[in-house]
**Q** 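Structure in structure tokens, see below.
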Amino acid sequence: MTQQQAKELVRKVEENIFEVPIDFQEGMRVPGRIFVSDKLMNDLEVNTLRQVANVAMLPGIRKYSMAMPDAHFGYGFPIGGVAAFDAHEGIISPGGVGFDINCGVRIIRTDMEAGEVRPRISELMDELFKAVPSGVGSKSRLRVSGSELDDAFNYGAQWAVESGYGVEADIEHCEDGGFMDAADPLKVGDKARKRGKPQFGTLGSGNHFLEIQEVDKIYDPEIAKVYGIREGTITIMIHCGSRGAGHQICTDYLRVMEQASRKYGIDLPDKQLACAPADSREGQDYFKAMAAGANYAWANRQVITHWVRETFERFFGRDADELGMDLVYDVAHNVAKLEEHEIDGEKKSVYVHRKGATRAFPAGHKDIPPAYRSVGQPVLIPGSMGTPSYILHGGEGAMELTFGSACHGAGRVMGRGEAKRKFSGEVLEKQLAEMGITVRATHPSMLAEEAPEVYKSSSEVVNVVHELNIARKVVRVKPIGVAKG
DNA sequence: ATGTAC
């Protein structure tokens with residue numbers, strides 16, 4: 001089948017919804033659903049389409065194998081993929097979560113006016129770059145003992161706050177209260193522990209960043225008010241994950257899952273989809289280790305938040321309280337969760353795999369903090385370097401269409417190697433400076449990898465979920481200072 | 001994403 005023929009099999013169901021029919025590929029148990037505009041569909045790689053079809057072949061998958069508008073080719077599952085598997089008849093797969101377990105985003109609001117920060121942004125970025133270590137293999141100035149590491153694996157952001165990194169309100173404003181109860185540090189191997197131990201409070205590299213932003217546009221004033229966000233003020237966004245710890249957990253369990261797939265006779269169209277039955281020992285071991293990795297990431301973002309507050313306090317000579325530096329929300333966009341969803345009129349327990357997809361629960365959902373329950377959870381969509389980020393609120397469409405999920409960002413359209421050849425970090429830095437954006441990076445070449453041109457348009461991606469009522473636009477923020485690994 | 005290849 002040629003690429004063109006493969007794409008022609010995909011059928012437009014309605015505006016922004018395309019279906020990969022069940023006969024697209026032999027062995028599919030459910031159809032695929034791709035939530036994209038016509039333009040994004042046109043740009044979608046056939047290999048990504050095939051990955052959607054491959055996921056549809058896995059046991060116990062419910063309703064559809066889904067891809068969000070920012071979907072692109074990933075390890076086994078597409079990035080931007082969402083798949084729910086029955087808690088008993090289904091499977092759990094590390095490939096459906098990704099290497100960076102609980103890669104995620106948080107945003108901190110402030111009462112500071114952009115005009116107060118802009119003139120000093122260069123020095124502020126220098127201070128933040130010093131306070132928060134970044135780059136591949138970067139080490140933290142925080143030293144944790146083995147038992148503290150266990151506590152972090154068990155209790156995530158809650159551990160960090162109890163250890164003095166943050167305030168109680170931070171916990172309430174994290175998805176899942178900043179930790180997954182399922183975590184078991186005993187399921188995390190020595191190598192993952194060893195890699196994770198010195199990396200608490202580090203940003204990492206790639207598309208991870210720490211950004212100072214200005215609230216640029218308000219789409220929904222009432223909900224913006226509920227989230228505590230006012231036009232023209234400064235927000236701070238942190239995008240990072242579980243560093244070497246999560247990466248090693250994924251690597252370790254991929255090996256376990258390869259054997260488990262054989263043991264349980266699961267037919268895999270792609271070895272990278274290695275998985276185990278959800279209620280098998282292997283499946284549960286991975287889930288407990290993954291949850292520990294997710295908790296590590298929440299603790300990591302919490303420690304970074306504390307250092308950002310400290311840096312602001314020193315730099316502006318005022319308390320974080322006085323500056324109004326409250327955490328708005330923190331979301332995980334690489335994770336699997338056991339959730340209840342209505343399937344064909346019945347409540348069912350499913351393991352929802354969100355790999356490059358953000359939970360987007362609507363108003364009234366029990367898992368949303370009380371302060372936000374009347375309007376739906378904040379859905380944080382980071383832009384690529386130099387482009388706007390968005391805060392949306394979860395909508396009813398998410399429960400109807402996507403197992404309570406939305407997109408997670410812009411989505412790459414170009415590989416890192418190609419980007420490095422095509423763009424110069426030094427030129428980009430100058431271009432961004434002309435746009436009023438101050439960048440700090442460990443190396444200019446990494447700026448090239450993250451050039452805005454290597455990503456889809458974040459506004460185009462966000463518009464799709466907005467139009468489908470999966471998550472609706474509340475606020476747009478634009479960067480004025482970016483620190484990258 | 002990642003001690004960017006065991």
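In the text below, chain A, chain B and the rest are named by the order of the sequence lines, each starting its count at 1.
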**Q** Below 3.5 Å, can you tabulate the donor-acceptor pairs from side chains in residues 182-192 of chain A to any protein atom, sequence neighbours excluded?
**A**
unit_1, atom_1, unit_2, atom_2, d
D184(A), OD1, L186(A), N, 2.9
K187(A), NZ, D285(A), OD1, 3.3

**Q** Write down the distance between NZ (K420(A)) and P (dT4(B)), rounded to a whole number of angstrom.
**A**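 Atom NZ in K420(A) sits about 12 Å away from atom P in dT4(B).
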**Q** Which whole-number value in Å describes the distance from H247(A) NE2 to dA5(B) C1'?
**A** 12 Å
**Q** Rounded to whole angstroms, how far apart are CD on Q248(A) and C1' on dT2(B)?
**A** 10 Å
**Q** Using a 4.0 Å heavy-atom cut-off across all strands, classify K355(A) as base, sugar-phosphate, or nothing.
**A** nothing
**Q** Expressed in angstrom and rounded to an integer, what is the separation of L254(A) atom CG from dC6(B) atom C1'?
**A** 16 Å
**Q** Within this structure, what is the CG-to-C1' distance between D100(A) and dT4(B), rounded to whole angstrom?
**A** 14 Å
**Q** Are V475(A) and Y227(A) close enough, and set up right, to give a side-chain contact (heavy atoms from CB on, under 4.5 Å), and what steps lead you there?
**A** CA-CA 10 Å; V475(A) 165; Y227(A) 292 165; 6.0 Å; no
**Q** Which whole-number value in Å describes the distance from Q199(A) CD to dT2(B) C1'?
**A**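 Atom CD in Q199(A) sits about 9 Å away from atom C1' in dT2(B).
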**Q** Answer with yes or no whether the side chains of T202(A) and R243(A) bring together a donor and an acceptor at under 3.5 Å.
**A** yes
**Q** Contact class for G206(A) vs. all strands (heavy atom < 4.0 Å): base, sugar-phosphate, or nothing?
**A** sugar-phosphate
**Q** Of R412(A) and V136(A), whose closest DNA chain B nucleotide lies nearer the 5' terminus?
**A**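 The residue mapped nearer the 5' terminus is R412(A).
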**Q** Take atom NZ of K194(A) and atom P of dT2(B), then tell me their distance rounded to the nearest Å.
**A**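 Atom-to-atom, K194(A) to dT2(B), this comes out as 19 Å.
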**Q** In whole angstroms, how far is the P atom of dT2(B) from the OH atom of Y253(A)?
**A** 21 Å
**Q** So does R243(A) get a side-chain nitrogen or oxygen closer than 4.0 Å to the phosphate oxygens (OP1/OP2) of dT2(B)?
**A** yes
**Q** Could you note down all residue pairs passing side-chain hydrogen bond (donor to acceptor under 3.5 Å, both in side chains) where residues 92-105 of chain A supplies at least one of them, sequence neighbours left out?
**A** D100(A)-H208(A), D100(A)-S242(A), N102(A)-R301(A)
**Q** Base, sugar-phosphate, or nothing: which does G98(A) touch, judged by heavy atoms less than 4.0 Å apart?
**A** nothing
**Q** Within the structure, does a side-chain N or O atom of T251(A) lie under 4.0 Å from either OP1 or OP2 of dT2(B)?
**A** no
**Q** Side chains of Q377(A) and R359(A): closer than 4.5 Å at any heavy-atom pair?
**A**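 SC-SC contact between Q377(A) and R359(A) confirmed.
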